[in-house]
Amino acid sequence: LKAGDEGGGLLLFPDWAYKPAWSPGSRQVQLWHFLLELLGRGEGGAIDWGREWGEFVIRDPERLARLWGERKGKPHMNYDKLSRALRYYYNKSILHKTKGKRFTYKFNFSKLILVNYPGYPSFLILVQKEGDGSSIIIG
DNA sequence: TGCGGAACCA
DNA sequence: TGGTTCCGCA
């Protein structure tokens with residue numbers, strides 16, 4: 001496990017999430033992981049947690065897209081393309097759209113690992129520190 | 001803005 | 001397999 005703790009929250013991911021792209025049997029960084037990473041850091045402005053548990057709001061869509069593009073080496077990334085990738089998550093139950101709220105999506109934490117990595121002795125611990133307390137989900 | 005098909009790529 | 005790119009539609 002690795003942890004990132006800088007301000008807004010604390011995020012813990014299983015090791016596979018951090019395996020570099022070149023290592024054998026590894027995967028490239030997943031979009032959902034990238035989003036969680038930014039959310040955990042409280043990465044100024046581009047994306048932020050929403051009101052409900054797991055809900056997030058994209059404050060600056062094109063900036064988020066640029067960040068994602070930089071990570072993946074896709075200089076022509078934009079929100080149109082990034083949002084298409086997010087929509088592919090609907091069928092996998094990783095995400096769904098919060099209808100009526102602009103740029104607002106919601107994670108399905110309970111399904112995130114199970115769907116993506118079946119059979120993996122999986123665990124995702126996400127602690128959100130907010131004024132009214134903290135929550136923990138273990139999948 | 002948001003959706004999902006289709007072709008395509010690593 | 002997870003997107004990326006492009007696009008017509010509502």
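Convention: sequence-line order gives letters A, B, ...; per-chain numbering from 1. If you're wondering where the values come from, they're calculated on a predicted model, not measured in any experiment.
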Criterion side-chain contact (heavy atoms from CB on, under 4.5 Å) on A/F56 and A/F103, from CA distance to verdict:
CA-CA 8 Å; A/F56 63 93; A/F103 303 127; over 6 Å; no
Determine the contact category for A/L31: base if any of its heavy atoms lies under 4.0 Å from a base atom, sugar-phosphate if only primed atoms, P, OP1 or OP2 are that close, otherwise nothing.
sugar-phosphate
Under 4.0 Å between a Lys/Arg side-chain N and an Asp/Glu carboxylate O for A/E70 and A/R66?
yes
Integer-rounded Å distance: C/dG3 P and A/F34 CZ:
12 Å
What is the distance, rounded to the nearest whole Å, between atom CG of A/N78 and atom C1' of C/dT4?
10 Å
Identify, with sequence neighbours excluded, every residue that meets salt bridge (Lys or Arg N to Asp or Glu O under 4.0 Å) alongside A/K74.
none
Per-nucleotide protein contact along nucleotides 3-10 of chain B, 5' to 3', at a 4.0 Å heavy-atom cut-off (B base, S sugar-phosphate only, - neither), is BBBBB---
In this structure, how many angstroms lie between the C1' atom of C/dT4 and the NZ atom of A/K72, rounded?
8 Å
Side-chain touch A/F34/A/L67, heavy atoms, less than 4.5 angstrom:
yes
Would you please confirm or rule out a distance under 4.0 Å between OP1 or OP2 of C/dT4 and any side-chain N or O of A/W68?
yes
Would you kindly give the CE-to-C1' distance between A/M77 and C/dG2, to the nearest whole Å?
11 Å
Round to the nearest Å and state the distance from A/L35 atom CG to C/dG3 atom C1'.
13 Å
Whether A/K97 and A/E55 form a salt bridge (side-chain N of Lys/Arg under 4.0 Å from carboxylate O of Asp/Glu) is what I want to check.
no
Listed partners of A/A65 passing side chain to side chain contact (heavy atoms under 4.5 Å, CB included), at least two apart:
A/E62, A/M77, A/L82
Looking at A/K81, does any N or O in its side chain come under 4.0 Å of the phosphate oxygens OP1/OP2 on C/dG3?
no
